[in-house]
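Per chain, numbering begins at 1; letters A, B, ... match sequence-line order. Computed over heavy atoms, backbone and side chain alike; hydrogens, waters and symmetry mates excluded.
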Amino acid sequence: MKEVDVNELQQLINSFANKDVYIHLETTNGSYATHYNEQFFNASAFLRNAKIQYEHGKVVGESPHRVGLKMEHGWVYAQGITHYELDEHGRLLMAGLNYEGKLAIALQISETPFSY
Amino acid sequence: MTLEQQRHILVVFPHPDDEAFSSAGLIRLYRNMGVPVTYACLTLGEMGRNLGNPPFATRESLPEIRRKELEEACKAMGIEDLRMMGFRDKTIEFEDNEKMVQLVRNLIDECNPSLIITFLPGYAVHPDHDATGRAVVEAVRRMDRNARPTVYGVGFANNTIAEKGEPDVVIDIMSVKEDKLKALQAHASQTAWMIEENQKRIDEGQPMSDSWFHYEKFYTINVDE
Ligand SMILES: [Zn+2]
């Protein structure tokens with residue numbers, strides 16, 4: 001993955017519009033957050049291989065960026081995206097890596113399901 | 001100190017690296033004695049957060065990296081029977097409980113272990129750890145009393161010692177600490193920062209505390225409790 005180039009990422013997001021696509025969306029603080037800081041309220045969400053279609057998508061802002069996908073009946077968005085790549089399977093992998101190199105958020109789009 | 005002889009050891013943990021942190025020394029000592037060890041690793045740690053910045057991996061490439069690391073770590077520990085069970089990281093507690101108990105039961109039936117190493121349920125911090133320990137304890141609880149293997153549990157929650165007391169099994173692993181270091185180093189995607197930190201401390205004359213490379217500690221689990 002490389003750091004977000006807004007123009008290039010925007011074109012990649014456009015290329016998946018109006019198609020059936022599988023989404024991986026994940027936010028995380030890690031399972032040890034409360035172990036290291038008992039005051040930490042640990043909340044996260046994970047969704048893999050939900051099939052959606054979006055009519056358009058946008059990458060916005062300075063890094064870390066926001067990415068939003070507008071669907072017929074709703075929205076998908078992710079905040080904190082710093083890196084991305086189109087992988088060897090043609091999947092668009094976007095990630096937000098914090099200053100320590102730990103994943104904080106992932107938004108991935110693929111025309112084929114992600115492995116289990 | 002002499003280790004109690006074992007017939008076969010079954011190690012059940014959810015993540016590649018759980019075994020290296022908690023039990024690599026014990027496993028290596030028993031392998032040196034010729035005791036067979038089967039390691040059932042439930043997931044590939046797919047949800048590991050450390051991808052680096054700049055990144056060395058993606059969410060999708062991490063599992064394959066960790067699979068190779070796990071195989072490498074098993075070489076360092078002398079584990080020849082590694083089973084990758086194909087579950088997904090962070091989902092163990094949501095699996096059907098009965099299915100998990102059966103999975104452990106099948107491993108027990110096949111390996112006939114005299115000792116099982118897993119996590120101490122309720123004191124293992126990560127939900128996958130606790131769920132793995134629960135499945136093992138339940139599978140053993142259902143066995144005939146006189147056929148049951150001993151179960152060692154790894155507990156490291158902040159409240160463990162306050163509530164459970166000191167671990168009753170303390171293994172001196174000094175003689176194999178280089179092997180433990182190798183096992184930890186094999187899990188580079190998870191431990192590189194730690195090894196680096198340790199090297200820095202050694203350079204400053206303050207190596208990492210004994211807790212990592214001197215002793216491994218376990219709670220003998222009473223499955224009827
Ligand atoms: Zn673990």
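Neither the backbone nor the side chain of B:P63 comes within less than 4.5 Å of any heavy atom in chain A. Contact of B:F156 with chain A is made through backbone and side chain together, with heavy-atom distances under 4.5 Å.
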Using only the distance criterion (under 3.5 Å, no hydrogens considered), which donor-acceptor pairs connect chain B with chain A?
from, atom 1, to, atom 2, distance (Å)
B:E46, OE2, A:Y116, OH, 2.1
B:R49, O, A:L103, N, 2.5
B:R49, NE, A:L103, O, 3.2
B:R49, NH1, A:N29, O, 3.1
B:L51, N, A:G101, O, 3.0
B:G52, N, A:G101, O, 2.8
B:N53, OD1, A:H83, NE2, 3.4
B:N53, ND2, A:N98, O, 3.2
B:R59, NE, A:E26, OE1, 2.8
B:R59, NE, A:E26, OE2, 3.4
B:R59, NH2, A:E26, OE2, 2.8
B:E60, OE1, A:R48, NH2, 3.0
B:E60, OE2, A:R48, NH1, 3.0
B:E60, OE2, A:Q108, NE2, 2.5
B:H126, NE2, A:S31, OG, 3.2
B:N158, ND2, A:H35, O, 2.9
B:N158, ND2, A:E38, OE2, 3.0

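A search for ring-ring contact (aromatic ring centres under 6.0 Å, His included) contacts involving B:F21 returns B:W212, not counting sequence neighbours.
Contact record, A:L97 with B:G52: CD1-O, 3.2 Å, taken as the closest heavy-atom pair.
Of the listed residues (A:G30, A:A106, A:A104, A:G101), the one with the most heavy-atom contacts under 4.5 Å to chain B is A:G101.
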